[in-house]
J.: 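Input: one structure, supplied below.
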Amino acid sequence: HWADPGEIVIISLDGTILKRLPCTGQLVGVTRITDVSGDGSELLFSKSDALSKTSGVYKLNIETGIVSKVLKPEDVASLVPGCKEIYVDDGNWSPSGDEIAFIVRCQHIGNYRGSAAIGLIKKDGTELRLITEFSSADSQWGGFHNCGWSPNSKQILATNFKFPPSGQRCIPPYGAH
């Protein structure tokens with residue numbers, strides 16, 4: 001089990017701490033800050049707990065400290081019929097700030113252990129959709145992870161994992177997001 005962070009810290013490039021946001025209330029359980037809005041006013045972060053099988057993508061208004069839900073598994077359930085466990089995470093703002101790309105992980109779909117796909121949602125919560133399909137080539141875990149936008153908002157970059165039967169794992173290089 002991972003330890004929960006005590007605070008989110010905003011640091012200037014000279015190392016000065018500009019703001020500290022304690023991880024209390026809705027910030028308890030933050031597992032990863034995934035992106036900052038283009039205007040710098042909001043953070044996207046993920047919360048995930050494998051033990052309780054919960055997850056979500058949230059945004060935090062940096063000035064006010066107000067947290068709001070972007071997406072939870074029940075919001076995408078109709079897009080992944082037959083999936084027994086759904087996790088959502090890795091939210092990333094489009095460069096224009098009007099859309100958020102995210103990863104949907106589906107475990108135990110049909111005969112497969114699990115897979116992951118990329119979804120999009122408008123900033124206002126409308127137009128939720130998947131833009132890729134779930135991998136189903138074999139019974140091993142696979143699919144998309146760690147998505148991000150191209151500067152012109154016309155493409156999304158993501159890693160596409162295919163884990164070998166031996167259980168070996170590919171670890172992204174330090175700094176990969």
J.: Does one hydrophobic cluster hold both Ile100 and Ile66, with members joined at side-chain heavy-atom distances below 4.5 Å?
T.: no

J.: Should Ser55 and Val88 count as side-chain neighbours, where that means a heavy-atom distance under 4.5 Å?
T.: yes

J.: If every non-hydrogen atom of Gly40 is compared with every non-hydrogen atom of Val36, which pair is closest and at what distance?
T.: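 Looks like CA-CG1, 3.9 Å.
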
J.: Would you check if the side chain of Trp149 reaches a backbone N or O of Asn92 as a donor-acceptor pair within less than 3.5 Å?
T.: yes

J.: Look up atom CG in Leu60 and atom CG in Leu21, then write down how far apart they are to the nearest 0.5 Å.
T.: 5.5 Å

J.: To the nearest 0.5 Å, how far apart are CD1 in Ile86 and NZ in Lys72?
T.: 13.0 Å

J.: Specify the closest pair of heavy atoms between Ser46 and Asp90, including all atoms of both residues, with the distance to one decimal.
T.: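 The answer is OG-N, 3.1 Å.
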
J.: What distance separates Ser96 OG from Asn152 CG, expressed to the nearest 0.5 Å?
T.: 10.5 Å

J.: Mind checking whether Lys123 and Lys59 have side chains closer than 4.5 Å, heavy atoms only?
T.: yes

J.: Would you call Val57 and Ile121 a side-chain contact if the rule is heavy atoms closer than 4.5 Å?
T.: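 With C-beta onward as the side chain, the pair stays apart.
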
J.: I need the Ile103 CD1 to Leu130 CG distance, nearest 0.5 Å.
T.: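 One finds 10.0 Å between CD1 of Ile103 and CG of Leu130.
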
J.: Atom CD1 of Ile17 and atom OG of Ser12: how far apart are they, to the nearest 0.5 Å?
T.: 9.0 Å

J.: If you look at every heavy atom in Tyr58 and Lys69, which pair is closest and at what distance?
T.: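 Minimum heavy-atom separation between Tyr58 and Lys69: CD2-CA, 3.6 Å.
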
J.: Check Trp93 against Asp35 and note the closest heavy-atom contact, atom names and distance.
T.: N-OD2, 2.8 Å

J.: Can you tell me if Thr132 uses its side chain to pair, donor with acceptor, with the backbone of Ala117 under 3.5 Å?
T.: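 No; judged by distance alone, with no hydrogens or angles, the pair does not exist.
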
J.: Would you find more than 12 non-hydrogen atoms of other residues, nucleotides or ligands less than 6.0 Å from Glu63 atom CD?
T.: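 It does not: Glu63 CD has 12 such atoms or fewer within range.
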
J.: What's the separation between atom OG in Ser94 and atom CG in Leu120, rounded to the nearest 0.5 Å?
T.: 9.0 Å

J.: Stepwise, does the side-chain contact (heavy atoms from CB on, under 4.5 Å) test hold for Val104 with Leu79?
T.: CA-CA 10 Å; Val104 179; Leu79 302 176; over 6 Å; no

J.: Do Asp89 and Arg32 come within less than 4.5 Å of each other through their side chains, counting heavy atoms only?
T.: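 No, too far: nothing below the 4.5 Å cut-off.
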
J.: Give me the atom names and distance for the closest heavy-atom approach of Arg129 to Phe102.
T.: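 Arg129 and Phe102 have their closest heavy atoms at O-CZ, 4.5 Å.
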
J.: At their closest point, which heavy atom of Ser150 faces which heavy atom of Pro95, and how far apart are they?
T.: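 For Ser150 versus Pro95, the nearest heavy atoms are O-CG, 3.2 Å.
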
